[in-house]
Visitor: 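My questions all concern the structure below.
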Amino acid sequence: MIGLASALCPRVVTHPWRAGSAATLLSVMTLVLVLGVISVLVALYAIWLIASQRRSAEDPPFIHGGIPYLGVAIAFGKDVLGFLRKQQQLHGEVFTLLLAGKRMTFLMNPAHANVILKGPPQLDFMQTATLFSDRVPGTRGLLKLRGAIDEMHKQYIPNLQGTALIGLTDRFMSKLRHFLQRPGSILDKAQNARSSAGADGGWIKEGLWHMAADSIMYASAESLFGDGVWYPELTEQFNKWDSAAPALYTGVPAWLLGLEKFRERMAEALLVQRDNISSLIQKRMTSFQEFKVDRYNQGRIQLAVLWAAQSNTMSAVFWTLFYIARDAALQQRIVAEWSAIVMAWSAGQQAEASDGNDQNSSAAAPPSASATPQKAFCQENLRKLYTLDSVMNEVLRLHSSTIVARYAAADVTLELPLSAGEKRPIMIRKDDIVALNTEVIHLDPDTYPDPLVFKFDRFYTPDGTAKKFYSAADGTEVRNAFLPFGGGSHMCPGRFFVMNEAKLMVLSLLDQFEFTLAPNTPVPPVDRRRVGLGVQQVLGDVEFSYRLRV
């Protein structure tokens with residue numbers, strides 16, 4: 001058997017010199033292959049660089065950073081405002097950046113904003129909005145649902161403004177009062193502290209961001225999505241997801257960040273048909289059925305609404321309260337302004353009651369500072385808070401950082417206005433993105449002297465009319481100097497509700513509490529990763545002290 005095996009399977013003898021030659025040959029072939037691939041890649045990159053350069057005087061300067069695909073994304077992400085200003089010094093008011101495979105052309109002059117906000121039809125808003133929705137809330141194939149999306153966009157204005165806004169604001173106030181007065185709330189804590197410490201004491205310390213975020217989440221979510229949508233972990237889950245929005249937007253998958261279960265739970269909660277649901281959400285649910293939107297996308301589309309309603313509002317409220325809390329004189333000014341408004345409103349209510357011979361009307365008696373009736377927190381009165389309006393606008397000027405972007409669906413030439421009626425044409429290529437960063441505009445020292453300093457009356461006018469701003473260089477009016485909510489036909493449709501939410505939160509606290517910060521509390525650092533996504537989010541929290549108003 002052994003001999004048969006040996007005969008059938010003769011021993012193969014490999015000489016050492018042959019093995020060495022084979023290994024050498026393989027190494028040489030591998031090296032040649034690698035060098036060939038590198039040469040091809042270098043050649044392709046060189047061809048791409050040449051093709052990407054300015055083809056005419058109408059092409060903006062192109063800053064690619066020399067790194068394939070990434071371009072200048074790393075430097076841009078570290079300090080967006082500083083990077084853009086440096087490029088402006090080097091290349092002028094218009095330039096194109098390579099950012100993670102995308103060419104983005106930035107317009108740095110506020111005079112050019114309308115080129116984007118009211119631009120030609122080739123500049124598409126939906127493409128950029130879809131990219132955000134697919135990556136952050138996690139929708140799938142949203143462009144295939146264009147009919148449903150267009151219909152739902154039509155529902156924003158009639159259901160977030162006008163008569164609908166009045167009802168939504170009133171419901172928000174009801175929910176906010178309930179949250180602030182529930183067992184364990186700040187009112188409950190303050191009352192217990194007052195009873196044990198007396199009128200001169202009773203100060204309680206708490207995290208300002210934590211308090212503002214919890215209150216806004218409860219009142220806003222319940223106002224929009226109906227009774228019972230809030231659950232104890234919702235704010236924490238939302239904030240974890242919201243904090244990861246920059247990574248999600250760059251394409252990092254949610255499962256890799258451990259966020260998918262949070263998104264799924266929130267999305268499912270937003271699909272339940274509840275009592276006292278807002279007209280906006282009810283209309284959207286109807287559209288889901290009409291356009292046969294699958295359940296997965298239904299939840300993620302609703303999640304996008306939650307993000308739009310919560311993320312920037314929480315931060316706007318935090319910053320407003322922060323600046324009011326550290327300025328006792330400003331706090332008293334707003335209290336006095338609100339008291340005068342309420343007293344005038346109360347007198348009007350009393351006159352109406354007398355005309356109607358209703359001497360027992362509860363509205364006839366002027367409200368006390370600590371027990372203002374809910375009816376006083378109406379749209380008419382909120383419009384008269386000129387000092388608070390100025391404070392909030394200054395907060396948004398200092399702390400909003402939005403990149404307003406449009407996708408070029410085809411090659412298009414944009415006409416940028418110059419002085420003396422002249423125009424400068426610039427070419428935008430198909431698939432490029434045209435953008436402006438509101439932070440550049442809002443912190444421009446030519447428009448806003450001492451741009452990094454909070455000035456509560458910067459936007460104040462005695463009659464509440466919009467403040468105009470003028471260039472320090474030539475005295476001309478600067479149009480589009482203030483764009484916290486974008487502009488044009490895609491200006492944030494919920495901006496009035498957001499402002500009302502913030503006002504009601506501030507007034508609800510001032511109505512019953514004194515609050516303050518520790519002396520010399522500095523402006524806290526912000527999460528610079530979120531630049532371009534709206535109102536800046538504070539890193540950590542700031543401790544504030546409050547007690548019942550004496």
Visitor: Run the numbers on Arg397 and Asp444 for salt bridge (charged side-chain N to carboxylate O under 4.0 Å, His left out), then give the verdict.
Guide: CA-CA 10 Å; Arg397 183 195 69 81; Asp444 185 352; over 6 Å; no
Visitor: Any donor-acceptor pair under 3.5 Å linking the side-chain atoms of Ser545 with those of Thr516?
Guide: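 No donor-acceptor contact under 3.5 Å links the two side chains.
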Visitor: Assess the residue pair Ser278 and Asn159 against the criterion (side-chain contact (heavy atoms from CB on, under 4.5 Å)); give the C-alpha distance rounded to whole Å, side-chain angles, the decisive distance to 0.1 Å, and a yes or no.
Guide: CA-CA 8 Å; Ser278 69; Asn159 292 286; over 6 Å; no
Visitor: Look at Glu394 together with Arg458 and state whether they make a salt bridge at an N to O cut-off of under 4.0 Å.
Guide: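 Salt bridge flag = yes for Arg458 with Glu394.
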Visitor: For the residue pair Arg300 and Glu264, establish whether any side-chain heavy-atom pair is separated by less than 4.5 Å.
Guide: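 A side-chain contact under 4.5 Å exists here.
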Visitor: With the side chain counted from C-beta on, respond yes when Trp338 and Ile341 share a heavy-atom pair under 4.5 Å apart, and no when they do not.
Guide: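 Of all side-chain heavy-atom pairs linking Ile341 with Trp338, at least one is under 4.5 Å.
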Visitor: Above 12 or not: heavy atoms from other molecules or residues under 6.0 Å from CG of Asp463?
Guide: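 Atom CG in Asp463 is crowded, with more than 12 foreign heavy atoms closer than 6.0 Å.
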Visitor: Answer yes or no: is there an ion pair linking Glu233 with Arg265, defined by an N-O contact shorter than 4.0 Å?
Guide: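 Yes, charged N to carboxylate O under 4.0 Å.
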Visitor: Any luck finding a side-chain donor-acceptor pair between Glu514 and Gln331 under 3.5 Å?
Guide: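 Not at all, the side chains of Glu514 and Gln331 share no donor-acceptor pair under 3.5 Å.
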Visitor: Using ring centroids (six-membered ring only for Trp), state whether Phe459 and Phe469 fall under 6.0 Å.
Guide: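 Ring centroids of Phe469 and Phe459 are less than 6.0 Å from each other.
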Visitor: Trp319 side chain to Gln536 main-chain N or O, any donor-acceptor pair under 3.5 Å?
Guide: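 Indeed, once roles are kept as given, a pair shorter than 3.5 Å links the two residues.
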Visitor: Rounded to the nearest 0.5 Å, what's the gap from CG on Leu306 to OG on Ser311? Could you check?
Guide: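 Taking CG in Leu306 and OG in Ser311, the distance rounds to 9.5 Å.
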Visitor: Quick one: pull up CG in Leu142 and OG in Ser133 and give me the separation to the nearest 0.5 Å.
Guide: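 Reported value, rounded in 0.5 Å steps: 5.0 Å.
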Visitor: Without swapping roles, check the side chain of Glu222 against the backbone of Gly228 for a donor-acceptor pair under 3.5 Å.
Guide: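 Flag set: sc Glu222 to bb Gly228 pair under 3.5 Å.
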Visitor: In Å and rounded to the nearest 0.5 Å, what is the CG to CD1 distance from Leu533 to Ile403?
Guide: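 That separation rounds to 8.0 Å.
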Visitor: Please check if the distance between the ring centroids of His442 and Tyr448 is under 6.0 Å.
Guide: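 Here the rings of Tyr448 and His442 have centres that are no less than 6.0 Å from each other.
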Visitor: Quick check on Ile157: does its CD1 atom have over 12 non-hydrogen neighbours (other residues, nucleotides or ligands) under 6.0 Å away?
Guide: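 No.
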Visitor: Got a sec: does the CZ of Arg182 have more than 12 other heavy atoms crowding it under 6.0 Å?
Guide: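 More than 12 within 6.0 Å, yes.
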Visitor: Would you mind reporting whether Tyr156 and Arg284 have side-chain heavy atoms less than 4.5 Å apart?
Guide: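 Yes; the side chains approach each other to less than 4.5 Å.
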Visitor: Step by step, would you call Leu303 with Trp307 a side-chain contact (heavy atoms from CB on, under 4.5 Å)?
Guide: CA-CA 6 Å; Leu303 194 55; Trp307 186 87; over 6 Å; no
Visitor: Considering the options Asp170, Asp511, Val342, which one meets the side-chain contact (heavy atoms from CB on, under 4.5 Å) requirement together with Phe377?
Guide: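 Exactly one option meets the side-chain contact (heavy atoms from CB on, under 4.5 Å) with Phe377, and it is Asp511.
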Visitor: Do the side chains of Glu268 and Arg295 get close enough for a salt bridge, i.e. N-O under 4.0 angstrom?
Guide: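 Yes, this pair counts.
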Visitor: Do Trp241 and Phe262 have ring centroids that are under 6.0 Å from one another?
Guide: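 No; Trp241 has its ring centre 6.0 Å or more from that of Phe262.
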Visitor: Whether Arg530 and Asp242 form a salt bridge (side-chain N of Lys/Arg under 4.0 Å from carboxylate O of Asp/Glu) is what I want to check.
Guide: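 So Asp242 pairs with Arg530 through a salt bridge.
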Visitor: Enumerate the salt bridge (charged side-chain N to carboxylate O under 4.0 Å, His left out) contacts for residues 128-141, please, sequence neighbours excluded, ordered by first and then second residue.
Guide: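 Pairs touching residues 128-141 that pass the test: none.
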Visitor: Would you please name every residue forming a salt bridge (charged side-chain N to carboxylate O under 4.0 Å, His left out) with Lys261, sequence neighbours left out?
Guide: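 Here no residue qualifies.
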Visitor: Looking at side-chain heavy atoms only, is the closest gap between Ile301 and Phe288 below 4.5 Å?
Guide: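 Yes. Closest side-chain heavy atoms under 4.5 Å.
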Visitor: Going by ring-ring contact (aromatic ring centres under 6.0 Å, His included), name the residues that satisfy it together with Tyr407, two or more places apart in sequence or in a different chain.
Guide: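 Tyr407 satisfies ring-ring contact (aromatic ring centres under 6.0 Å, His included) with no residue once adjacent residues are dropped.
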Visitor: Look at atom NE2 of His490 and say whether more than 12 heavy atoms of other residues, nucleotides or ligands are closer to it than 6.0 Å.
Guide: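 Yes.
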Visitor: How many angstroms lie between atom CG of Leu385 and atom CD1 of Ile334, to the nearest 0.5 angstrom?
Guide: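 Spacing of CG (Leu385) from CD1 (Ile334) equals 8.5 Å.
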Visitor: Quick one, Asp124 with Arg406, criterion salt bridge (charged side-chain N to carboxylate O under 4.0 Å, His left out). Give me CA distance, side-chain angles, the key distance, then yes/no.
Guide: CA-CA 5 Å; Asp124 186 18; Arg406 300 291 186 267; over 6 Å; no
Visitor: Anything under 3.5 Å between a donor and an acceptor, one on a side chain of residues 145-155, the other on a protein residue two or more places apart or in another chain? List them.
Guide:
from: Arg146; atom 1: NE; to: Asp150; atom 2: OD1; distance (Å): 3.3
from: Gln155; atom 1: NE2; to: Ser287; atom 2: OG; distance (Å): 2.7

Visitor: Using the side-chain contact (heavy atoms from CB on, under 4.5 Å) rule, take Thr438 and Val404 through it: C-alpha gap first, then chi angles, then the decisive distance, then the call.
Guide: CA-CA 8 Å; Thr438 60; Val404 180; 4.2 Å; yes
Visitor: Could you list the donor-acceptor pairs under 3.5 angstrom formed between side-chain atoms of residues 497-509 and any protein atom two or more places apart in sequence or on another chain?
Guide:
from: Asn500; atom 1: ND2; to: Thr169; atom 2: OG1; distance (Å): 3.1
from: Asn500; atom 1: ND2; to: Gln379; atom 2: OE1; distance (Å): 2.8
from: Glu501; atom 1: OE2; to: Ser220; atom 2: OG; distance (Å): 2.8
from: Lys503; atom 1: NZ; to: Leu382; atom 2: O; distance (Å): 2.9
from: Lys503; atom 1: NZ; to: Asp389; atom 2: OD1; distance (Å): 2.7
from: Ser508; atom 1: OG; to: Leu504; atom 2: O; distance (Å): 2.6

Visitor: Please confirm whether the backbone N or O of Asn297 pairs with a side-chain atom of Asp294, one donor and one acceptor, at under 3.5 Å?
Guide: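 Such a contact is found between Asp294 side chain and Asn297 backbone.
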Visitor: Going through the checks in order, is the side-chain contact (heavy atoms from CB on, under 4.5 Å) test met by Phe225 and Val272?
Guide: CA-CA 9 Å; Phe225 294 95; Val272 177; over 6 Å; no
Visitor: Is the number of heavy atoms from other residues, nucleotides or ligands under 6.0 Å of Glu236 CD greater than 12?
Guide: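 Not buried by this count: 12 neighbours or fewer within 6.0 Å.
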Visitor: When the ring centroid of Phe515 is compared with that of Trp203, is the distance short of 6.0 Å?
Guide: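 No: the rings miss the under 6.0 Å criterion.
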Visitor: Taking the side chain as every heavy atom from C-beta outward, state whether Val523 and Phe322 have any pair of such atoms under 4.5 Å apart.
Guide: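 A side-chain contact exists here, since the closest heavy-atom pair is under 4.5 Å.
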Visitor: Going by the rule ring-ring contact (aromatic ring centres under 6.0 Å, His included), which residues pair with Phe544 if we only count those two or more places apart in sequence or in a different chain?
Guide: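 Scan of Phe544 (ring-ring contact (aromatic ring centres under 6.0 Å, His included), adjacent residues dropped) gives Tyr546.
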Visitor: Heavy-atom distance under 4.5 Å between the side chains of Thr402 and Asn312, does that happen here?
Guide: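 When only atoms from C-beta onward are counted, Asn312 and Thr402 do not touch, as no gap falls below 4.5 Å.
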Visitor: Examine distances only and state if a side-chain atom of Asn381 and a backbone atom of Ala376 form a donor-acceptor pair shorter than 3.5 Å.
Guide: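 Pair found, side chain donor or acceptor close to backbone of Ala376.
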Visitor: Do Val440 and Val80 come close enough that some side-chain heavy atom pair is under 4.5 Å?
Guide: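 They are not in contact (no side-chain heavy atoms under 4.5 Å apart), so the answer is no.
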Visitor: Out of Phe318, Phe179, Phe172, which residue meets the side-chain contact (heavy atoms from CB on, under 4.5 Å) rule with Ile216?
Guide: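 When Phe318, Phe179, Phe172 are each tested with Ile216, the side-chain contact (heavy atoms from CB on, under 4.5 Å) holds only for Phe172.
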Visitor: Would a distance-only check, ignoring hydrogens and angles, find a side-chain to backbone donor-acceptor pair under 3.5 Å from Arg479 to Pro110?
Guide: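 Side chain of Arg479 to backbone of Pro110, a donor-acceptor pair under 3.5 Å: no, none is there.
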Visitor: For the pair Ser174 and Gln374, evaluate side chain to side chain donor-acceptor pair (under 3.5 Å) and give the outcome as yes or no after the intermediate values.
Guide: CA-CA 8 Å; Ser174 296; Gln374 184 170 325; 2.6 Å; yes
Visitor: Would you check if Asn276 and Arg171 make a side-chain contact, meaning some heavy-atom pair closer than 4.5 Å?
Guide: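 Of all side-chain heavy-atom pairs linking Arg171 with Asn276, at least one is under 4.5 Å.
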Visitor: Using a strict threshold of under 4.0 Å (side-chain N to carboxylate O), is an ion pair present between Arg333 and Glu337?
Guide: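 No salt bridge links Glu337 with Arg333.
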Visitor: Tell me whether Lys467 at atom NZ has more than 12 heavy atoms from other residues, nucleotides or ligands lying less than 6.0 Å away.
Guide: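 Count over threshold, so yes.
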Visitor: Roughly how far, to the nearest 0.5 Å, is CD of Gln127 from OG1 of Thr130?
Guide: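 Between atom OG1 of Thr130 and atom CD of Gln127 there are 6.5 Å.
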